A.B. asks: 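Below: one structure in C-alpha cells.
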Amino acid sequence: MRRHENLYYVLDKPDISDAEYDALMRSLKELEQAHPEFQSADSPTSRVGGAPRDGFIKVRHSSSMLSLDNALDEGELREFDRRVREGLAGFTYRYVAELKMDGLSMATRYHDGKLELALTRGDGSEGEEVTANARTIRSAPLRVEGRSTDFEVRGEVVMPNLAFQKLNAEREATALPRYANPRNSAAGSLRVLDPSVTAARKLDYYTYYLLENGEPFFESHWESLDELHRLGFKVNDARRLCHNVDQLLEFCKHWEERRESLPYEIDGVVVKVDSLTQQRQLGYTSKAPRWAIAFKYPARQAETVVEKIEVQVGRTGTLTPVAHLRAVEVSGVMVSRATLHNEDEIERLGVAVGDTVLLERSGDVIPKVLRVTAQALPRELFRMPTECPVCGGVVARAEGEVARRCINTNCPARLKESILHFAARSVMDIDGVGESLVNQLVTAGLVKNIADLYELTGAQLAGLERMAEKSAAKIIANIDRSRHHPLPRLLNGLGIPFVGERTGQILADTFGPLQVIAELTAEELQKADEVGPKVAAAVAGFFAEQHNHDLIDRLRKAGLNFDHQKKETAPEGTLVGLNFVLTGTLPNLSREEAKKQIEDAGGKVVGSVSKKTSFVVAGEEAGSKLDKARELSVSVVDEAGMLDLIKHGKIKD
Ligand code: IVH
C-alpha cells in the first residue's frame with residue numbers, strides 16, 4: 001500500500017488502477033479490523049483526520065524558517081550572482097534552480113521513520129502544530145524507510161489548480177465565499193481545527209529541504225533533493241543544476257513561458273548555492289540567506305475598462321454582480337468578464353461603469369478585480385439593486401451573510417437556475433435539459449418546479465421550438481432514468497442553501513432516507529459530521545416550508561429514489577477492536593467501573609480468556625483466568641496499564 005501511495009500521490013505514476021487501489025484499501029481495513037493488534041498509527045488507512053481541536057499549539061522550529069530576498073528582473077539576478085562570486089572569492093560554484101511553488105511552507109519531523117510533528121511556518125521561529133491535518137495529505141509520507149536517525153523535512157503545501165477551481169465551484173454553489181487564489185485556499189485548508197476538512201481538500205506537499213537538528217547535512221543541496229526523492233517525498237522534477245547565471249536565467253525564462261501548463265501556481269524560481277560549505281561561507285543577513293534568492297515572476301495582471309455591470313440571479317436567489325469588460329489578454333487568456341462577488345466587494349472597490357480596473361488571474365480562468373486604476377468622468381458608483389432585476393421582487397440580506405437574495409421563490413430566474421442545477425451532470429445528470437430548453441419550459445409555464453419535470457410528456461416537448469419528436473423522446477427517457485440516482489445527488493439537486501454534493505452525502509450517510517432527514521430538527525441534524533448550526537438551520541428551514549413539503553411529496557410519488565443505506569458508524573476510542581477480560585480485584589476501580597471505562601473507549605469486555613482476547617486486566621487474587629492468559633500468551637496488564645491503554649492506546653514504556 002505504501003508503495004502504491006508513493007507511486008500515485010508522489011510520483012504520479014500509478015501502476016494499478018484506482019479500483020484496484022480501492023480494493024486493496026478495503027482489504028487492509030478489513031484485516032485491521034480483524035487484527036487490531038497489527039494496526040499502526042502510520043497505516044495508509046489512518047489518513048482520515050482526527051477529532052477537531054479547540055486551538056493551535058505553538059511549537060518552536062528546530063531552526064528559523066527564513067524567507068528569501070527577491071530578484072525582480074534579470075539585472076537583480078545578475079547582481080545577486082555578483083555578490084555570490086565576490087563572497088566566494090574566486091572559487092567555482094554551482095546553483096540549484098527550483099520552481100517557487102505558491103503555497104505555504106510546512107516543516108515535518110520524523111522520529112523512528114514516522115511522521116511525528118508538522119508545523120506551519122508561523123512567524124519563522126515558532127509555527128502552529130498541524131500534525132493531524134498534515135497526516136491527511138497523501139503525498140506526505142507517514143512512514144519513511146532508509147533513514148534511522150531523526151530528521152526534518154521542509155516544503156510547500158499547495159492546492160493544485162483543478163482542486164482549487166472545483167472547491168470554489170462547490171463553495172459558490174452552496175453560497176459560501178470563494179477563495180481568492182490557490183495559496184489562500186491551501187492555507188485555509190491546512191490551518192483548520194478540524195482535520196477532516198483538510199482531508200477533504202486535495203493538498204499536495206512538495207519538499208525542498210532535508211535537515212537534522214535544524215541543519216542541512218548533505219554537502220550538496222542538489223544531492224539532498226535526490227535523497228528526499230529516494231526517501232519517498234515529493235520533489236519537483238522541474239529543477240536544474242546550473243553552472244552560471246546564464247543557465248539560471250534560461251531556467252527562469254523556460255518556466256515563465258510554461259507557467260500556464262503547470263497544474264499548480266508558481267510565482268517564480270528559487271535559486272540556491274549548491275555547496276553547503278559555500279552556503280556557510282556566504283552566511284545570512286538579518287532576514288534572509290545570502291546564498292539564495294527568489295526570482296519573482298510578474299503577477300498576471302492587466303488593465304481594462306468596465307463596459308457594463310450586470311446582476312445575475314442564482315438558484316438560491318443570490319444576486320451576483322458581474323463586470324463585462326473590454327476584452328483583454330491576461331497571460332495568454334482572453335478575459336471579458338469578472339465576477340464582482342457581492343455588495344461588500346462592490347463597496348470595497350467603489351467601481352463605476354467606464355472605470356479602468358486592474359485584473360489579476362491566479363489558479364483560475366476567472367480573474368479577480370483588484371482595484372480601480374482610473375475613474376470615468378462623470379461617474380455614478382454602482383450600487384446593488386434593492387429589487388430583483390428579474391422579477392422585481394423584494395431583495396434581502398440576511399444577517400451575517402454577504403449575499404443579497406431575491407426572496408421570491410417563484411422568481412423565474414431562480415426557477416431557471418434551480419432547474420439547470422438539478423439537471424446538471426454532477427447532480428441528476430439529465431442530458432438535454434439545458435439553458436434553451438429550460439428557458440422555453442419556464443416561459444411556457446410547463447415547469448414551475450423540479451417535480452414538474454417528471455410530468456412532462458413527449459408531446460409537450462415536441463411542441464416546443466426546435467424540438468424534433470426523436471429528441472423529445474430522448475429527453476423524456478433521460479428524465480425517467482434520473483429517478484434512480486442515489487439520494488446524495490437528489491439532496492444536492494433540491495437547492496437547499498449550503499447543501500452541495502458533499503453535505504448531501506454526509507446527510508444521507510448519517511441519517512438515511514429522505515423522509516427521515518426531512519423530519520429532523522436543526523439540533524438533530526447537527527449530529528452529523530461537518531454540519532454546523534448554519535447548515536442545520538438551512539436544512540430544517542427548507543423542509544419546514546409547506547411548498548417544499550409538497551414538492552418532496554410529489555417527487556416521492558414520481559418514483560424518485562429516497563432511500564439510502566446508512567453508513568455503519570465506526571465506533572470511536574482508543575480501544576476500538578480490542579477485547580478485555582477482567583480478573584481479580586483492582587486497587588481503585590470496581591469491576592463495573594472498569595468495564596464502563598473500557599466500553600466508553602470503544603473496547604469490549606468478555607467473560608473468558610481465549611486466543612482472541614487482546615488483554616487480561618489482572619488485580620489482586622486473580623485466579624485461573626490469569627493462568628489461562630499466560631498459557632495462551634495473552635498480554636496481561638494491571639489497572640494502571642489499562643488506564644494507560646485507555647488514555648494513549650498503548651502502555652507507557
Ligand atoms: S527555500 C532559506 N525552495 O518561498 C530557504 N522556498 O521566500 C527558504 N518556496 O518561505 C526556502 N518553493 O514558502 C524554498 N523550492 C523552494 C520553494 C520555496 C516555494 C516558498 C517558501 C518560502 C518562500 C521564500
Side-chain angles (χ1 to χ4, degrees), residues 61-72 76-77 80 84 95-108 118-128 130 134 137 139-140 152-160 181-184 186-187 190-191 203-211 214-218 220-229 233-242 248 251-252 255-256 259 262-276 278-280 282-297 299 362-363:
H61 285 298
S62 58
S63 60
S64 301
M65 284 181 85
L66 296 174
S67 64
L68 298 175
D69 283 337
N70 293 330
L72 299 179
E76 291 188 15
L77 191 66
F80 163 76
V84 168
Y95 289 116
V96 177
E98 300 161 50
L99 296 186
K100 188 169 178 326
M101 319 277 304
D102 202 6
L104 71 156
S105 41
M106 178 170 82
T108 44
L119 303 176
T120 63
R121 178 172 182 276
D123 63 2
S125 52
E126 261 184 2
E128 287 165 336
V130 289
I137 303 175
S139 46
E152 175 175 336
V153 168
R154 292 181 184 171
E156 200 80 354
V157 173
V158 298
M159 181 175 287
N181 53 50
R183 177 170 23 88
N184 289 3
L190 184 66
R191 297 183 57 251
L203 295 177
D204 229 332
Y205 184 40
Y206 283 87
T207 63
Y208 47 70
Y209 230 156
L210 177 59
L211 313 163
E215 297 294 331
F217 54 93
F218 266 68
S220 147
H221 175 63
W222 181 252
E223 281 170 28
S224 77
L225 293 177
D226 286 343
E227 172 71 358
L228 278 169
H229 174 81
F233 290 91
K234 196 161 191 164
V235 184
N236 206 323
D237 279 337
R239 57 182 189 269
R240 180 172 171 192
L241 196 56
C242 297
L248 280 179
F251 182 88
C252 294
W255 284 107
E256 186 168 357
R259 191 177 175 185
L262 291 169
Y264 43 75
E265 285 286 295
I266 57 169
D267 57 346
V269 168
V270 175
V271 171
K272 300 169 191 165
V273 169
D274 182 48
S275 149
L276 209 70
Q278 292 181 329
Q279 286 186 7
R280 287 199 200 96
L282 290 162
Y284 296 81
T285 66
S286 61
K287 282 189 315 235
R290 288 202 182 87
W291 44 267
I293 200 154
F295 180 84
K296 294 274 261 193
Y297 290 148
S362 170

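Here, residue 1 is the first one in the sequence, and each next residue gets the next number. Read the numbers this way: they start at 1 and go in the same order the structure lists the ligands and their atoms. In this text, all values refer to a predicted model and were calculated from it rather than measured experimentally. Worth knowing before you read on, the calculation uses all heavy atoms, side chains too, and leaves out hydrogens, waters and symmetry mates.
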A.B. asks: Which is it for Leu68 and ligand 1 at heavy atoms under 4.0 Å: side chain, backbone, both or neither?
C.D. replies: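 Both backbone and side chain.
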A.B. asks: Please write down residue, atom name and distance for the protein heavy atom closest to atom 2 (C) of ligand 1.
C.D. replies: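 Ranked first by proximity to atom 2 (C) of ligand 1 is Pro289 CG, 3.7 Å.
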A.B. asks: Name the closest protein heavy atom to atom 10 (O) of ligand 1, giving the residue it belongs to and the distance to 0.1 Å.
C.D. replies: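 Checking every protein heavy atom, the shortest distance to atom 10 (O) of ligand 1 gives Ser105 OG, 3.8 Å.
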A.B. asks: Which protein non-hydrogen atom lies closest to atom 20 (C) of ligand 1, naming both residue and atom, and how far is it?
C.D. replies: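 Among all protein heavy atoms, the one nearest atom 20 (C) of ligand 1 is Glu156 OE1, 3.4 Å.
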A.B. asks: Can a non-hydrogen atom of Ala292 be found less than 4.0 Å from any atom of ligand 1?
C.D. replies: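 Not so, Ala292 does not reach ligand 1.
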A.B. asks: If we only consider heavy atoms of Leu104, is any one of them less than 4.0 Å away from an atom in ligand 1?
C.D. replies: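 Under 4.0 Å: no for Leu104.
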A.B. asks: Under the 3.5 angstrom rule, does the side chain of Asp102 hit a backbone N or O of Arg183 as a donor-acceptor pair?
C.D. replies: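 Such a contact is absent between Asp102 side chain and Arg183 backbone.
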A.B. asks: Counting each atom of ligand 1 from 1 as listed, which ones have a heavy atom of Leu66 under 4.0 Å away?
C.D. replies: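 In order of numbering, the contacting atoms are 8 (C).
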A.B. asks: Restricting to non-hydrogen atoms, name the atom on Leu210 and the atom on Ser224 that form the minimum distance, rounded to 0.1 Å.
C.D. replies: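 In this case the closest contact between Leu210 and Ser224 is CD2-O, 4.3 Å.
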A.B. asks: One residue to check: Ala294. Relative to ligand 1, which of side chain, backbone, both or neither has a non-hydrogen atom less than 4.0 Å away?
C.D. replies: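 Looking at Ala294 and ligand 1, no heavy atom falls under 4.0 Å.
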A.B. asks: Under a 4.0 angstrom heavy-atom cut-off, which atoms of ligand 1 come close to Leu99?
C.D. replies: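 With Leu99 as reference, the close atoms of ligand 1 come out as 12 (N), 15 (N).
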A.B. asks: Taking it one step at a time, do Asp267 and Arg259 satisfy salt bridge (charged side-chain N to carboxylate O under 4.0 Å, His left out)?
C.D. replies: CA-CA 9 Å; Asp267 57 346; Arg259 191 177 175 185; over 6 Å; no
A.B. asks: Charged N to carboxylate O under 4.0 angstrom, Glu128 versus Arg191?
C.D. replies: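 Yes, this pair counts.
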A.B. asks: Heavy-atom contacts with Glu98 under 4.0 Å: which atoms of ligand 1 show up? List them by number with element.
C.D. replies: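 Those atoms are 3 (N), 15 (N), 16 (C).
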A.B. asks: Are any of the heavy atoms in Lys272 under 4.0 Å away from ligand 1?
C.D. replies: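 Per 4.0 Å heavy-atom rule, Lys272 contacts ligand 1.
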A.B. asks: Quick test: of every protein heavy atom, which one is nearest to atom 12 (N) of ligand 1, and how far off is it to 0.1 Å?
C.D. replies: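 Of the protein heavy atoms, Met101 N, 3.2 Å lies nearest.
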A.B. asks: For Tyr208 and Glu156, which I'm curious about, is there any donor-acceptor pair between the side chains at under 3.5 Å?
C.D. replies: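 Glu156 and Tyr208 do have a side-chain donor-acceptor pair below 3.5 Å.
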A.B. asks: Please state whether the rings of Tyr284 and Trp291 are parallel, tilted or perpendicular, taking 30° and 60° as the class boundaries.
C.D. replies: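 Geometry flag for Trp291 against Tyr284: perpendicular rings.
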A.B. asks: When you check the side-chain N and O atoms of Ser105 and Tyr209, is any donor under 3.5 Å from an acceptor?
C.D. replies: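 Note: Ser105 and Tyr209 side chains miss the donor-acceptor criterion.
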A.B. asks: Return yes if a side-chain donor-acceptor contact under 3.5 Å exists between Ser63 and Arg154, otherwise no.
C.D. replies: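 Yes - a donor-acceptor pair under 3.5 Å links their side chains.
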A.B. asks: Are Lys296 and Asp69 close enough for a salt bridge, meaning some N to O gap below 4.0 Å?
C.D. replies: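 A salt bridge is absent here (no side-chain N lies under 4.0 Å from a carboxylate O).
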A.B. asks: So which heavy atom in the protein is nearest atom 4 (O) of ligand 1, and how far is it from that ligand atom?
C.D. replies: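 Among all protein heavy atoms, the one nearest atom 4 (O) of ligand 1 is Lys100 NZ, 3.1 Å.
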A.B. asks: Nearest protein heavy-atom contact for atom 17 (C) of ligand 1: which residue, which atom, what distance?
C.D. replies: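 Sorting protein heavy atoms by distance from atom 17 (C) of ligand 1 puts Tyr208 CE2, 3.3 Å first.
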